[in-house]
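Okay, so here's the structure we're looking at.
Only a predicted model underlies this, so the values are computations on that prediction, with no experimental measurement involved. Order of the sequence lines sets the chain letters (A, B, ...), proteins ahead of strands, with each chain counted from 1.
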Amino acid sequence: MVSPLIAEPAQWTPEQLAAELDDGVFVWCTPSVREAAAALLSHPVSLEPPQDAKGFHTLVAIGGGTLLDQAKVLRRTAFPSLRLITVPSIWGSGAEVSSIAVLNVEGRKDIQIDAALTPNIYVHMEALTATIPEARAVWACGDVLAHALEGAFSPLASGEVRAELAHVLQQVSQLPLGKDARWFAVSAAACRGQAKSGVGLVHGFAHSLEGPLQTLWPDGDIGHARLCATFLWPVMAFNRSRANKWDLLMEEYGLDGADLFARLQGLYEDAIYEAARPLIVEGWRRILRDPCTRTNSVLVRPEHLTFFQERQFR
Amino acid sequence: MVNNEKLKKLIVDVFLLEEDEFSFGLTKREIGTWDSLGTVSLAVGVQETFGYHFKPEEALAINSVKDVITILESHGIAFDR
């Protein structure tokens with residue numbers, strides 16, 4: 001039986017989820033939230049995915065974007081009859097609401113877009129915020145900002161999407177960068193909007209550099225969110241040096257562009273950028289060819305390597 | 001830089017061609033990197049370089065460098081023939 005294509009997942013409360021937890025529900029979660037999930041759900045929790053769907057009608061996946069995307073792909077390919085409920089343990093990816101799955105395959109990103117990947121239901125469990133290390137929470141805020149900004153500025157964004165994401169940016173401006181459960185909802189909204197337009201060079205850098213940086217710096221805790229957080233300021237500075245789309249959007253929607261730009265600067269980590277700089281030089285043509293780079297709000301040309309190599313955003 | 005040179009540089013940059021791979025007779029089929037995302041990049045580049053924003057139906061109909069020139073000339077942007 002093929003699962004029906006889902007346009008948009010329904011949102012449940014944690015109480016609605018708890019009411020559904022019977023023997024036919026398999027809960028798969030990431031190790032860092034196992035204890036919290038087991039306590040919150042009072043239901044057995046597995047650190048491994050289901051091996052078969054015998055006796056199960058629902059798969060609940062609790063974790064970051066990586067685990068949620070793995071669950072989405074697993075359901076589509078192996079268990080299409082299962083209902084999929086996604087519970088993010090951290091904000092940023094928006095994986096709990098999207099038809100996109102980004103898998104890490106041999107150091108590269110495999111991006112799959114398929115309506116069959118959309119979860120049936122998602123739940124935001126604010127109590128899971130306590131499990132997030134502070135630094136990771138800040139990086140995750142950077143991931144949300146990257147989706148909202150790149151989605152709004154994308155050449156593929158309609159006026160409606162731009163307005164939707166401007167509203168997200170207005171909400172973001174009220175939130176502290178760090179552990180605040182309100183980021184879950186804003187993250188989902190940013191991902192929904194961005195999915196209707198595109199991303200840009202921030203994601204081009206993040207996708208191209210994650211594998212090589214992790215090889216170079218295996219204990220550096222360098223993941224997608226941290227790279228988005230670091231590259232937001234350099235890329236937005238680059239975009240602003242080439243076109244006035246930033247000022248136009250901020251003015252049109254009454255956003256405080258100076259404050260927002262300062263927040264991006266606050267997310268920047270010079271140590272990460274310095275480690276990435278030789279990789280940017282070496283891999284510049286690969287970065288230019290990245291699908292995300294090719295939908296950047298301004299054209300990224302080969303000669304623009306100089307801007308990033310010489311850190312002209314400083 | 002005259003418009004011909006600007007367009008040549010734009011095509012070379014968008015599709016990551018070598019200089020000697022370019023000709024004004026190039027078609028989409030001859031450029032491996034010219035896919036739907038390439039058309040998006042080209043549209044952004046045309047707007048930045050020539051100040052013209054392709055209509056969606058125009059962008060979808062572009063299959064060659066000559067098509068780009070034809071559209072831009074129809075909006076008052078001159079090229080040397």
*Go through the atoms of B/Leu42 and report whether side chain, backbone, both or neither lie under 4.5 Å from a heavy atom of chain A.*
neither

*Identify the two heavy atoms, one from B/Gly45 and one from A/Leu299, that lie closest to each other, and give their separation to 0.1 Å.*
CA-CD2, 3.8 Å

I'd like a table of all donor-acceptor pairs linking chain A to chain B (distance under 3.5 Å, no angle check), giving the atom names and the distance to one decimal.
from     : atom 1 : to      : atom 2 : distance (Å)
A/Arg285 : NH2    : B/Leu16 : O      : 3.1
A/Arg294 : O      : B/Ser41 : OG     : 2.7
A/Arg294 : NH1    : B/Asp35 : OD1    : 3.1
A/Arg294 : NH1    : B/Asp35 : OD2    : 3.1
A/Arg294 : NH2    : B/Thr33 : O      : 2.7
A/Arg294 : NH2    : B/Asp35 : OD1    : 2.8
A/Leu299 : N      : B/Glu48 : OE2    : 2.9
A/Arg301 : NH1    : B/Asp13 : OD2    : 2.7
A/Arg301 : NH2    : B/Thr49 : OG1    : 3.2
A/Glu303 : OE1    : B/Lys9  : NZ     : 2.7
A/Glu303 : OE2    : B/Lys9  : NZ     : 3.3

*Is the count of non-hydrogen atoms from other residues, nucleotides or ligands lying under 6.0 Å from A/Arg108 atom CZ greater than 12?*
no

